[in-house]
Structures are given as structure tokens and as C-alpha cells.
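FYI, the numbering just counts along the sequence from 1.
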Amino acid sequence: MARIYQTPTMGDAKIRVAIVTSQGEADLLVYRVSSWGLASGDALWFITRDKQDASSWVYFTSIGMAQVKVCFVDSMGCAGWQDRGQPALKYRGRFS
């Protein structure tokens, strides 16, 4: 279950994430869900304000500092990892 907490400091984050607007540039396509029950895997995120409830703490940063590039999509069916042999694939399974 991908329950994501946005940490205000880079040092607290498990993963540094950059938000990109192009799906072709992203490592991971993410769909935001409205409840914990719908969150699953790495690609369906429920964003929480309570860090104790989170499965992963992320810090949003620039592309140059990011470990994973994320693009938010409008369809649950589009969400998932882009398999292009990217170094970011080593983070598969780390959001849930």
C-alpha cells in the first residue's frame, strides 16, 4: 500500500522524487487515490499528512537531485513503472 508522506527535509526522506509533466520523461506514472483502501503497489498513492501512517517518506526536489521521476496521471490504468532499463527501477517496491 503506497501511503506517501511528503517530508519537509531531504534528510528524512526515503526517496527523493522529481515531478515531471511528460509521461515519457517519467520513471513512474502515479495515480492519486482518495482512500487508503485504493492505494496499492508503487503507483497508486494515497498522500497522508501523518508521517506515522505513511509507508514511504518522499522529498520533492529537482530532476538533478531526484532518484525517481514521477508523472501524475488521470487514469488508474495508466499508472505503473516505465520499463526502460532506468536506474530508478531499483526503487521498485520501495513506495509500498
Side-chain angles (χ1 to χ4, degrees):
M1 181 178 306
R3 295 184 314 252
I4 306 299
Y5 172 73
Q6 178 184 350
T7 181
T9 60
M10 190 181 312
D12 289 338
K14 291 182 182 178
I15 303 171
R16 296 184 310 270
V17 173
I19 298 173
V20 296
T21 56
S22 167
Q23 290 184 19
E25 190 178 3
D27 301 312
L28 177 62
L29 303 178
V30 171
Y31 180 76
R32 286 185 60 182
V33 296
S34 58
S35 71
W36 280 28
L38 293 174
S40 67
D42 287 333
L44 303 178
W45 286 12
F46 176 77
I47 298 177
T48 180
R49 293 177 191 244
D50 187 355
K51 60 184 167 184
Q52 275 67 33
D53 290 338
S55 61
S56 188
W57 295 6
V58 301
Y59 180 78
F60 292 108
T61 187
S62 66
I63 291 174
M65 294 287 293
Q67 296 163 307
V68 177
K69 292 180 278 185
V70 165
C71 180
F72 288 98
V73 294
D74 296 329
S75 169
M76 193 180 291
C78 293
W81 286 98
Q82 305 271 65
D83 289 321
R84 298 175 296 177
Q86 297 291 334
L89 289 179
K90 70 181 179 181
Y91 295 99
R92 185 175 278 186
R94 302 252 329 256
F95 290 98
S96 52

TODO: Please list all pairs passing the salt bridge (Lys or Arg N to Asp or Glu O under 4.0 Å) test where one or both residues lie in residues 30-52, with sequence neighbours left out.
DONE: none
TODO: Could you list the residues that satisfy side chain to side chain donor-acceptor pair (under 3.5 Å) with Asp53, not counting sequence neighbours?
DONE: none
Open item on the list: Working to the nearest 0.5 angstrom, can you tell me the gap between Leu29 CG and Leu44 CG?
Closed with: 11.5 Å
- [ ] Check the angle between the aromatic planes of Trp81 and Phe95 and answer parallel, tilted or perpendicular using the 30° and 60° thresholds.
- [x] tilted
Open item on the list: Holding to side chain to side chain donor-acceptor pair (under 3.5 Å), I want the full list of residues that pass it with Tyr5, two or more places apart in sequence or in another chain.
Closed with: none
Task: Side-chain heavy atoms of Gln6 within contact of Tyr59, under 4.5 Å - done: no
- [ ] Can you sort out the partners of Phe72 under ring pair (Phe, Tyr, Trp, His ring centres under 6.0 Å), two or more places apart, ordered by chain and number?
- [x] Trp45
Open item on the list: Is it the case that the side chain of Asp27 and the backbone of Val68 share a donor-acceptor pair, with hydrogens and angles ignored and the cut-off at 3.5 Å?
Closed with: no
Open item on the list: Going by salt bridge (Lys or Arg N to Asp or Glu O under 4.0 Å), name the pairs with one or both residues in residues 86-96, residues two or more places apart or in two chains.
Closed with: Asp83-Arg92
Open item on the list: Restricting to non-hydrogen atoms, name the atom on Leu28 and the atom on Ala43 that form the minimum distance, rounded to 0.1 Å.
Closed with: CD1-CB, 4.2 Å
Task: Qualifying residues under salt bridge (charged side-chain N to carboxylate O under 4.0 Å, His left out), relative to Arg16, sequence neighbours excluded - done: none
- [ ] Can you tell me which residue pairs pass the ring pair (Phe, Tyr, Trp, His ring centres under 6.0 Å) test with a partner in residues 10-31, sequence neighbours excluded?
- [x] none
TODO: Kindly write out the residues that satisfy side chain to side chain donor-acceptor pair (under 3.5 Å) with Ser34, not counting sequence neighbours, or none if the list is empty.
DONE: none
